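Keep in mind the model is a prediction, meaning the values are calculated, not measured. Proteins get letters first, then strands, A, B, ... in listed order; numbering begins at 1 in each.
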There are 2 protein chains.
Amino acid sequence: MKPSMVTIEPYGHFCSDCAVREFAVCSSLDPSELRQFEHLGRRVHFDGGKTVFSEEDITTSFYNLLKGVMRLYKLLPDGRRQIVGLALPGDFLGMNISGRHNFSADAIGGVTVCQFAKAPFGRFIEDRPHLLRRINELAIRELSQARDHMVLLGRRSADEKVAAFLLGWRERLVSLKEPSDRVPLPMSRRDIADYLGLTIETVSRTFTKLERHGAIEIIHGGISLLDPARVEALAAA
Amino acid sequence: MKPSMVTIEPYGHFCSDCAVREFAVCSSLDPSELRQFEHLGRRVHFDGGKTVFSEEDITTSFYNLLKGVMRLYKLLPDGRRQIVGLALPGDFLGMNISGRHNFSADAIGGVTVCQFAKAPFGRFIEDRPHLLRRINELAIRELSQARDHMVLLGRRSADEKVAAFLLGWRERLVSLKEPSDRVPLPMSRRDIADYLGLTIETVSRTFTKLERHGAIEIIHGGISLLDPARVEALAAA
DNA sequence: CGCCAAAATTGATCTGGGTCAATCGGCTCT
DNA sequence: AGAGCCGATTGACCCAGATCAATTTTGGCG
């Protein structure tokens, strides 16, 4: 198979054995609803680097991330980029009020999503307030994360930003299962920089500094947290 | 009457003649629901500088801002402050999933809110999905604003931040009715700085610079937008 | 009106992180 | 195995905005 493709998995899939079942939006559905629900979505795979949807695109679908990591970002006219979120399995994307996405979303590494056409999904929600409540819950959780991130962007030093990022990222991975002091970082330095409001050089230097101080070890595709307490102190939570 | 007080308006009030009726969460209610709804909330007044609720407080109430301006902010342990939002009439405050507020909220100048005890409000929503949908809509709108603000905090220069702030603030006031090139700024320079991730000195200098260039005029309690086009160019929207 | 305190402005200086510029290292493709 | 590329690292230097330090302005109050 050639690189850089988008494939729709040809066989049907079943919500009942979906990996994100308990985290995702669908956790609010009972077994019989789930059976109807699985006809609404289809699994789609995106290779790394592919754009799933772009800012200003008319919203035609919602997405439930099943596997992989996505970067959610906005661009300024001159090309400056701010990553406004990193999506992990269970995250629900595409809600908006303007009818247009207000950020872009790329796959970082291969990604599998459960895609729902907007109209049928909207109809399905209509008379299922528990699903609506679940969506609301996810939106409020994201809002809270967004506010935390504003504090990081507006008021933290480069060292604090990087330390807080490593801890926060690890925390999110742990809550998905991966229990470890090995923290995989599938995204590039540029992604990290654009997430933290820094430059790649500063991110790289800060990593090196943390390593020199024995707080972390930079390993292939991630870092190893050698001294979590020290990193926490730096993050000035 | 002494300064710095919190008063509950002694007379009942009627949703039907509420100023924010059409903007707020209650816009989703029909006349008969509205009559029930007005028994749930009570109008409360806070003088300028008063804290309405604090980060980490257990959530006992939700608030519908009727009049005035509030600053929503988070503090770091060492006192650094990031204002994560400025609330205007019609904004709905207090939703969260942890059971605790995740930011603090102060009145800037006098403020009137419609306060709802959490439990009865929750019960009222229960079987009114259209109200839930309205709340969700407001949450999603805020999320979109939060993302825009992340771009500002992480990727814009001081000049761009200030210019974007003036335009955005004017925009919000206009949508509430005040149509004008006179932009009232009821908040202090410190508030503006903490909203934009800058210092008071930089905000002050940037205002002065804009004035020297003839883009704005600094007037008592606000600014006058002399050359909106120039400010828009600076904001690099 | 005059006094005091707090907010805002302005100036002088400093510095964290950006910019510019080499390397370095790992991966893919012959 | 070697060439070429792209991402990451490292170093040298610079500058936007922070910090430190006076004023100046505003507002409240007797």
Side-chain angles (χ1 to χ4, degrees), chain A residues 1-4 47-49 71 76 78-82 106 108-109 152-165 185-212 216-223 234 236, chain B residues 1-4 47-49 71 76 78-82 106 108-110 152-165 184-212 216-223 234 236:
Chain A
M1 243 166 34
K2 284 294 156 60
S4 207
D47 278 335
R71 58 174 167 252
L76 291 178
D78 63 3
R80 281 174 288 177
R81 184 178 71 160
Q82 176 64 46
D106 292 348
I108 294 180
L152 178 144
L153 290 170
R155 287 299 182 220
R156 295 179 109 113
S157 71
D159 288 0
E160 291 168 349
K161 284 177 174 181
V162 171
F165 164 68
L185 297 175
M187 71 294 287
S188 69
R189 294 291 188 264
R190 170 152 302 287
D191 288 337
I192 298 175
D194 285 350
Y195 185 54
L196 301 179
L198 298 171
T199 59
I200 33 181
E201 293 94 330
T202 298
V203 170
S204 184
R205 278 188 253 270
T206 307
F207 273 18
T208 306
K209 198 202 302 185
L210 285 172
E211 188 171 46
R212 268 203 311 272
I216 66 170
E217 188 188 359
I218 301 170
I219 56 181
H220 183 83
I223 61 109
L234 267 177
Chain B
M1 240 163 42
K2 284 297 156 59
S4 207
D47 279 335
R71 57 175 168 252
L76 291 178
D78 64 2
R80 280 174 289 176
R81 185 179 70 161
Q82 176 65 45
D106 293 347
I108 294 180
L152 178 142
L153 290 171
R155 287 299 180 220
R156 295 176 108 108
S157 70
D159 287 1
E160 291 168 350
K161 285 176 175 183
V162 171
F165 164 68
L185 297 175
M187 72 295 286
S188 69
R189 294 290 188 264
R190 169 149 303 286
D191 289 338
I192 297 175
D194 286 348
Y195 185 55
L196 301 178
L198 298 171
T199 59
I200 34 181
E201 293 94 330
T202 299
V203 170
S204 184
R205 276 187 253 270
T206 307
F207 274 19
T208 307
K209 198 204 299 187
L210 286 172
E211 187 171 46
R212 266 202 312 271
I216 67 170
E217 188 188 359
I218 301 170
I219 56 180
H220 184 84
I223 61 108
L234 267 176

A/Glu201 CD to D/dC13 C1', in whole Å, measures 13 Å

Of the listed C/dT10, C/dG17, C/dT19, the closest approach to the A/Ala158 side chain comes from C/dG17

Note to self: Within a 6.0 Å radius of atom CZ on A/Arg80, are there more than 12 heavy atoms belonging to other residues, nucleotides or ligands?
What the structure shows: yes

From CG of B/Leu196 across to C1' of D/dA18 the rounded distance in Å is 15 Å

Subject >> Side chain to side chain, B/Val162 and B/Leu198, heavy atoms closer than 4.5 Å >> reply: yes

Student check: side-chain heavy atoms of B/Val203 and B/Phe165 closer than 4.5 Å | no

Rounded to whole Å, the CG-C1' distance (B/Leu198 to C/dG17) equals 15 Å

A/Ile192 atom CD1 is separated from C/dG17 atom P, nearest whole Å, by 17 Å

B/Ile219 CD1 to C/dT9 P, in whole Å, measures 13 Å

Side chain A/Arg205 and base C/dT19 donor-acceptor under 3.5 Å: yes

Less than 4.0 angstrom between a side-chain N/O of A/Thr202 and OP1 or OP2 of C/dG16, yes or no?
no

Against the side chain of A/Ser157, the closest entry in C/dT10, D/dG11, C/dG17 is C/dG17

Just to be sure I understand the rule, does A/Ser188 reach a base, reach only the sugar-phosphate, or reach nothing, if contact means heavy atoms closer than 4.0 Å? sugar-phosphate

Taken to the nearest whole Å, CG/B/Leu185 to P/C/dT9 is 11 Å

Correct closest heavy-atom pair for A/Ile108 and A/Pro186 would be CG2-O, 3.5 Å

- Describe the nucleic acid contact of B/Thr199 in one word from base, sugar-phosphate, nothing, applying a heavy-atom distance below 4.0 Å. base

Please classify the nucleic acid contact of A/Gly197 as base, sugar-phosphate, or nothing, using heavy-atom distances under 4.0 Å. sugar-phosphate

Regarding the side chain of A/Arg189, the nearest nucleotide among C/dT19, D/dA8, C/dG17 is D/dA8

Heavy atoms of B/Arg156 and B/Ala164 approach each other most closely as NE-CB, 4.4 Å

Taken to the nearest whole Å, CD1/B/Ile223 to C1'/C/dT9 is 17 Å

Rounded to whole Å, the CZ-P distance (A/Arg190 to D/dA8) equals 9 Å

Open item on the list: Quick check on D/dG27: is either OP1 or OP2 less than 4.0 Å from any side-chain nitrogen or oxygen of B/His220?
Closed with: yes

(request) Identify whether any heavy atom of B/Ile200 sits under 4.0 Å from a base atom; if not, whether one sits that close to sugar-phosphate; answer base, sugar-phosphate or nothing. (result) nothing

